[in-house]
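Structure first, commentary second.
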Protein chains: 2
Amino acid sequence: MIRISKKVEYALMALKFISQSDNKLVTAREISDTKKIPYDLLSKILQKLKNENILLSNQGTNGGYSLNKRTDEIYLYNLMNMLDGDIAVAECMYETKEKDCSLEDSCSIKSEVAKLQKEVEDLFKNKTISDFV
Amino acid sequence: MIRISKKVEYALMALKFISQSDNKLVTAREISDTKKIPYDLLSKILQKLKNENILLSNQGTNGGYSLNKRTDEIYLYNLMNMLDGDIAVAECMYETKEKDCSLEDSCSIKSEVAKLQKEVEDLFKNKTISDFV
DNA sequence: CTAATTTGGACTAATATAGTCCTATTTGAA
DNA sequence: TTCAAATAGGACTATATTAGTCCAAATTAG
Ligand code: SF4
Ligand code: SF4
């Protein structure tokens with residue numbers, strides 16, 4: 001399936017939301033409530049984005065999140081990478097050789113699949129979050 | 001995950017194989033053996049391609065498959081469509097409204113996701129099987 | 001101290017993909 | 001006219017991925 005995961009969609013919505021409430025800290029609860037995103041799942045996503053230095057966080061009462069980068073500095077490709085792991089159109093295309101296709105020896109389409117991989121990558125590398133806000 | 005399914009990979013390999021054994025009928029068993037593709041699964045795929053008029057089939061002893069179209073007439077997009085169903089980068093992007101995203105009301109990224117959908121579609125619509133043989 | 005909030009591990013549920021099993025039908029040839 | 005090679009196709013199981021939940025800890029303003 002050629003699919004953007006819910007995690008990425010939720011991240012995009014959250015980033016849009018945060019980018020639009022200028023400077024004020026935004027809580028996971030606020031985003032979850034207004035965007036109807038499952039709270040626990042959203043929390044994980046925001047934590048991840050914080051660990052990846054996309055967001056800044058403040059703990060405790062009156063805490064919340066704020067952007068740590070301009071939206072045009074955040075690439076969709078990287079966002080997908082952070083949240084869903086390696087982007088690979090086929091098993092043999094993982095950068096980290098964690099997966100290994102058993103057909104690699106007899107495979108007659110690998111080089112063409114690699115081309116496709118490049119094109120898909122480029123598509124997502126040429127989009128930033130600013131395209132979504 | 002942004003992924004070409006095994007079904008589609010198997011179909012590509014099979015079509016390449018058939019296109020390269022000119023005019024002689026090719027059996028599912030031959031392809032399965034030389035390409036190490038699970039026989040039953042491959043059979044289903046070839047049957048599907050036959051029903052979609054990509055292949056011609058002859059039953060019985062000495063039977064097998066042959067191409068019914070030029071490789072440059074078979075679009076990757078359609079192949080994926082036949083084997084895996086609708087291509088949709090998000091739940092709300094299915095042509096047939098079989099799926100329905102519960103967030104559609106509060107969603108703030110739908111139009112941008114639609115743009116992405118278009119771009120992904122175009123990428124696959126601009127590739128034919130001849131790019132793989 | 002307490003309530004609001006982030007942090008984060010572990011788990012479960014739902015869905016999609018991949019693969020298997022079995023039986024029927026067709027057909028050329030011994 | 002029987003047999004074996006092949007396609008046809010339904011029903012099922014297994015595996016992997018994605019989505020979502022639960023719980024407990026740490027932080028901090030008031
Ligand atoms: S080796 Fe061939 S079959 Fe295996 S994942 Fe790569 S392209 Fe697909
Ligand atoms: S969240 Fe928005 S973009 Fe994603 S599927 Fe639902 S409506 Fe479409």
Side-chain angles (χ1 to χ4, degrees), chain A residues 1-11 14 18 24-33 36-52 55-66 68 80 83-91 94 98-103, chain B residues 1-11 14 18 24-33 36-52 55-66 68 80 83-91 94 98-103:
Chain A
M1 194 64 68
I2 304 299
R3 196 64 167 282
I4 304 286
S5 74
K6 286 289 180 195
K7 278 191 196 172
V8 169
E9 289 194 332
Y10 295 160
I18 296 170
K24 201 167 60 62
L25 289 181
V26 180
T27 68
R29 182 62 65 185
E30 278 182 85
I31 303 172
S32 165
D33 285 349
K36 316 286 190 215
I37 300 171
Y39 174 77
D40 288 305
L41 187 48
L42 179 63
S43 295
K44 293 286 163 53
I45 293 167
L46 296 176
Q47 284 163 35
K48 186 78 163 197
L49 295 181
K50 185 256 174 174
N51 287 331
E52 300 276 359
L55 295 177
L56 292 173
S57 71
N58 289 71
Q59 272 184 293
T61 314
N62 300 339
Y65 295 94
S66 58
N68 193 30
M80 293 168 72
L83 295 170
D84 297 334
D86 247 12
I87 292 167
V89 300
E91 220 175 332
Y94 285 94
E98 61 195 17
K99 308 270 179 155
D100 207 15
C101 175
S102 62
L103 282 70
Chain B
M1 193 65 68
I2 303 300
R3 196 69 165 278
I4 304 286
S5 74
K6 286 289 180 194
K7 277 190 197 171
V8 170
E9 289 194 332
Y10 295 160
I18 295 170
K24 200 167 61 62
L25 289 183
V26 180
T27 68
R29 182 62 67 185
E30 277 182 85
I31 303 173
S32 165
D33 284 349
K36 316 286 189 217
I37 299 171
Y39 175 77
D40 288 306
L41 186 49
L42 179 62
S43 294
K44 293 285 164 54
I45 293 166
L46 296 176
Q47 283 164 35
K48 185 77 162 197
L49 295 181
K50 184 257 174 173
N51 287 331
E52 299 278 358
L55 294 177
L56 292 174
S57 71
N58 289 72
Q59 273 184 293
T61 313
N62 300 338
Y65 295 95
S66 57
N68 193 29
M80 293 167 72
L83 295 170
D84 298 333
D86 247 12
I87 291 167
V89 300
E91 222 176 330
Y94 285 93
E98 61 194 17
K99 309 269 181 157
D100 207 15
C101 175
S102 62
L103 281 71

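Numbers restart at 1 for each chain; the letters A, B, ... are given by sequence-line order, proteins then strands.
Atom pair B:K7:NZ and C:dG19:P shows a separation of 11 Å (rounding to whole Å applied). Here the C1' atom of nucleotide C:dT5 and the CD atom of A:Q47 are 11 Å apart, to the nearest Å. Here the P atom of nucleotide D:dT17 and the CD1 atom of B:I2 are 15 Å apart, to the nearest Å. The nearest whole Å value for the distance from the CD atom in A:E9 to the P atom in D:dA19 is 8 Å. Spacing between atom CD of B:E91 and atom P of D:dT18 amounts to 15 Å, rounded to whole angstrom units. The CZ atom of A:R29 sits 15 Å away from the P atom of C:dT7 (whole-angstrom rounding). If you take CD1 of B:I87 and C1' of C:dA16, they are 16 Å apart, rounded to a whole angstrom. C:dA4 atom C1' lies 16 Å from atom CG of A:L46, rounded to whole Å.
Here the shortest heavy-atom pairing between B:K50 and B:S57 reads CE-OG, 3.5 Å. A pairwise comparison of heavy atoms in B:L49 and B:A11 identifies CD1-CB, 4.3 Å as the closest pair.
Take the nearest nucleotide of DNA chain C for B:K6 and for A:A28: the residue whose nucleotide is more 5' is A:A28. Each of A:P38 and A:D84 lies near DNA chain D, and the nucleotide nearest A:D84 is the one positioned closer to the 5' end.
For C:dT7, the OP1/OP2 oxygens have a side-chain nitrogen or oxygen of A:K50 closer than 4.0 Å. Between B:Y10 and C:dG19, a side-chain N or O to OP1/OP2 separation shorter than 4.0 Å is present. Look at A:Y39 and you won't find any side-chain N or O under 4.0 angstrom from OP1 or OP2 of C:dT5. OP1 or OP2 of D:dA8 sits under 4.0 Å from a side-chain N or O of B:S57.
Legend: residues meeting side-chain contact (heavy atoms from CB on, under 4.5 Å) with B:N68, ordered by chain and number and at least two apart, are B:N53, B:L56. Legend: residues meeting side-chain hydrogen bond (donor to acceptor under 3.5 Å, both in side chains) with B:S5, ordered by chain and number and at least two apart, are B:D84. Every residue two or more places apart in sequence or in another chain that forms a side-chain contact (heavy atoms from CB on, under 4.5 Å) with B:I87 is listed here: A:I2, B:Y77, B:M80, B:N81. Qualifying side-chain contact (heavy atoms from CB on, under 4.5 Å) partners for A:L42, counting only residues two or more places apart in sequence or in other chains: A:A14, A:I31, A:S32, A:I37, A:L46. With sequence neighbours excluded, the residues forming a salt bridge (Lys or Arg N to Asp or Glu O under 4.0 Å) with A:K6 are A:E9, B:E91, listed by chain and number.
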* To do: Take nucleotides 21-30 of chain C nucleotide by nucleotide from the 5' end and write B, S or -, depending on whether a protein heavy atom sits under 4.0 Å from the base, only from the sugar-phosphate, or from neither.
  => BB--BBBBS-
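Among the nucleotides D:dT7, D:dT21, C:dT7, the one closest to the side chain of B:T27 is D:dT7.
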